[in-house]
There are 2 protein chains.
Amino acid sequence: MPPRAHDPAALLMQLAAVFRDHGFEGASMARISAATGLGKGSLYNAFPGGKDEMAAKVLAMIDDWFEAEVFTPLRATDTPAAAAVGAMLDACQGYFWSGGRICLLGAFALSDTRDRFAAAISGYFLRWQQALTAALIRLPLPEDQAAALSEEMLSRIQGGLVLARSLNDPACFVRELDRLRARLAAP
Amino acid sequence: MPPRAHDPAALLMQLAAVFRDHGFEGASMARISAATGLGKGSLYNAFPGGKDEMAAKVLAMIDDWFEAEVFTPLRATDTPAAAAVGAMLDACQGYFWSGGRICLLGAFALSDTRDRFAAAISGYFLRWQQALTAALIRLPLPEDQAAALSEEMLSRIQGGLVLARSLNDPACFVRELDRLRARLAAP
DNA sequence: CTCGCGTTGTACCAATCGGTACAAGAAAAC
DNA sequence: GTTTTCTTGTACCGATTGGTACAACGCGAG
């Protein structure tokens, strides 16, 4: 057996950080190599498809995390819907570091990188909205209101991240989440 | 006198389109040259500071437009506040092509380009929020509620644009604006 | 030990990057 | 007409881009 390769999960986390910090185009192989401590040989060995495959794997990892920690709990029918939605907001606050971290999917969506990963990006948001709509219906809420509110909540989460980055004030994002919690508590 | 140069305003519009389509890093001089029909000599003659100056001038043009068409009307005390806020939403819907066009400031904010234009980006959103808060206070609304609602509205506008791009469905943005209109009509 | 295979760093590739230099061109001043 | 001054395209620069080739390395199998 050859010497053991790197921990794939940790590697993907480092790659995600580089893509978040510099975007897809700005994440040059030199920067990726420096951030991971791996030479180009190792990187192209782990990702024969080059940068495209790296980004795709990173997006898939993020998607998996949200699927497990957010979407699936939202779809679960054995917990109160209100608690599930509250847990989603808590999970978002934790994942996005209270506004100090951006959404890689959202950032890609606003750049021309979107076309390259259109399916992954739209699938992510579509499944998020569908799972959230299902939870809101179980609140209970009429189907059309649930669909509208889920769309609004996703907009506010993404918008809160944009505003927090724009104003360099992460608290913006937390305040937006708090407003969402208040709105759900007293409709 | 030498031959007259290009129309500076039209040139800035073309540059804005390139930056919107490809981001700051993705907007190569080759692409800019092709999009504007001007050689590098002409471009560096018009913008001695290179790409940085082009982007800065584009951001300034956008800022000027919003200052004149959105911020100033919001601050005006001779029109009903509700009408001013409604006009702002209409102006946004028009400017962002009903969700088919992204916010260049927001897109820059999510990339590492933000650090380069941090002052312009934060200034834009800060003045927008302040003008909107002032209008909401004249609705009338208590000062703290006005500040919170203006932050929320900006988040929703930006988030609506992100979601529209992500799902490749511009109507998302329009629906979010409509929900904002409804919320203002019946608080 | 020797062998073999998977992993690694590095040298190298053509293409493209942002930016500069500069000569040709073109209209106003005279 | 000539001169002047600004504009323009193009050739070119070193640096960097994503990607490939390949030889040196190191551990497990036998």
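Reckoned from all heavy atoms, side chains included, excluding hydrogens, waters and symmetry mates. Proteins come first, then strands; the chains are lettered A, B, ... in the order of their sequence lines, and each starts at number 1.
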Which residues share a salt bridge (Lys or Arg N to Asp or Glu O under 4.0 Å) with Asp90(B), sequence neighbours left out: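 Here the qualifying residues are Arg181(B).
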Contact residues, residues 12-23 of chain B to DNA chain C [heavy atom, < 4.0 Å]: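 Listed by number, there are none.
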Here the residues of residues 25-43 of chain B within 4.0 Å heavy-atom distance, strictly under, of DNA chain C are Ala27(B), Ser28(B), Met29(B), Ala30(B), Lys40(B)
Atom-pair distance (OH on Tyr44(B); C1' on dC22(C)), nearest Å: 16 Å
With sequence neighbours excluded, tell me which residues meet ring pair (Phe, Tyr, Trp, His ring centres under 6.0 Å) with Trp65(A).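 Per chain and number, Trp65(A) pairs via ring pair (Phe, Tyr, Trp, His ring centres under 6.0 Å) with Tyr95(A).
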Suppose we screen for ring pair (Phe, Tyr, Trp, His ring centres under 6.0 Å). Which residues come up paired with Tyr44(B), at least two apart in sequence or across chains?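 So Tyr44(B) forms no ring pair (Phe, Tyr, Trp, His ring centres under 6.0 Å) with any residue.
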Can you list the residues that meet the side-chain contact (heavy atoms from CB on, under 4.5 Å) rule with Ala171(A), with sequence neighbours excluded? Asp169(A), Arg175(A)
Which residues pass the side-chain contact (heavy atoms from CB on, under 4.5 Å) test with Arg75(B), sequence neighbours left out?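 Counting only residues at least two positions away or on another chain, Arg75(B) forms a side-chain contact (heavy atoms from CB on, under 4.5 Å) with Glu67(B), Phe71(B), Thr72(B), Ala131(B).
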Mind checking what makes side chain to side chain donor-acceptor pair (under 3.5 Å) contact with Ser166(B), not counting sequence neighbours?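 Ser166(B) satisfies side chain to side chain donor-acceptor pair (under 3.5 Å) with no other residue.
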To the nearest 10 degrees, how far apart in direction are the end axes of the helix from dC1(C)-dG30(D) to dC30(C)-dG1(D), each fit to five base pairs?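 Rounded to the nearest 10 degrees, the bend comes out at 0°.
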For the side chain of Asn45(B), starting at C-beta, report the closest nucleotide among dT7(C), dT7(D), dT20(D). dT7(D)
For residues 46-55 of chain A, which residues have at least one heavy atom under 4.0 Å from DNA chain D?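 Residues of residues 46-55 of chain A under 4.0 Å from DNA chain D: Gly50(A), Lys51(A).
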Scan the side chains in residues 138-148 of chain A for donor-acceptor partners under 3.5 Å anywhere in the protein, sequence neighbours excluded, and list what turns up.
from: Arg138(A); atom 1: NH2; to: Leu74(A); atom 2: O; distance (Å): 3.0
from: Arg138(A); atom 1: NH2; to: Ala76(A); atom 2: O; distance (Å): 2.8

Is the ring pair Trp128(A)/Tyr124(A) parallel, tilted or perpendicular, if the boundaries are 30 and 60 degrees? perpendicular
Could you check Gln93(B) against Leu89(B) for side chain to side chain contact (heavy atoms under 4.5 Å, CB included), going step by step and ending with a plain yes or no? CA-CA 6 Å; Gln93(B) 186 162 341; Leu89(B) 293 175; over 6 Å; no
With salt bridge (charged side-chain N to carboxylate O under 4.0 Å, His left out) as the test, would you mind laying out the steps for Arg183(B) and Glu152(B) before giving the verdict? CA-CA 12 Å; Arg183(B) 140 129 213 198; Glu152(B) 174 186 330; 3.3 Å; yes
Return the minimal non-hydrogen interatomic distance between Met61(A) and Ala9(A), and the atom names on each side. SD-O, 4.4 Å
Report yes or no: do Val162(B) and Met153(B) belong to one cluster of Ile/Leu/Val/Met/Phe/Trp/Tyr joined by side chain heavy-atom distances under 4.5 Å?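 Each belongs to a different hydrophobic cluster.
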What ring-ring contact (aromatic ring centres under 6.0 Å, His included) pairs are there with at least one residue in residues 129-148 of chain A, not counting sequence neighbours?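 Of all non-adjacent pairs touching residues 129-148 of chain A, none passes ring-ring contact (aromatic ring centres under 6.0 Å, His included).
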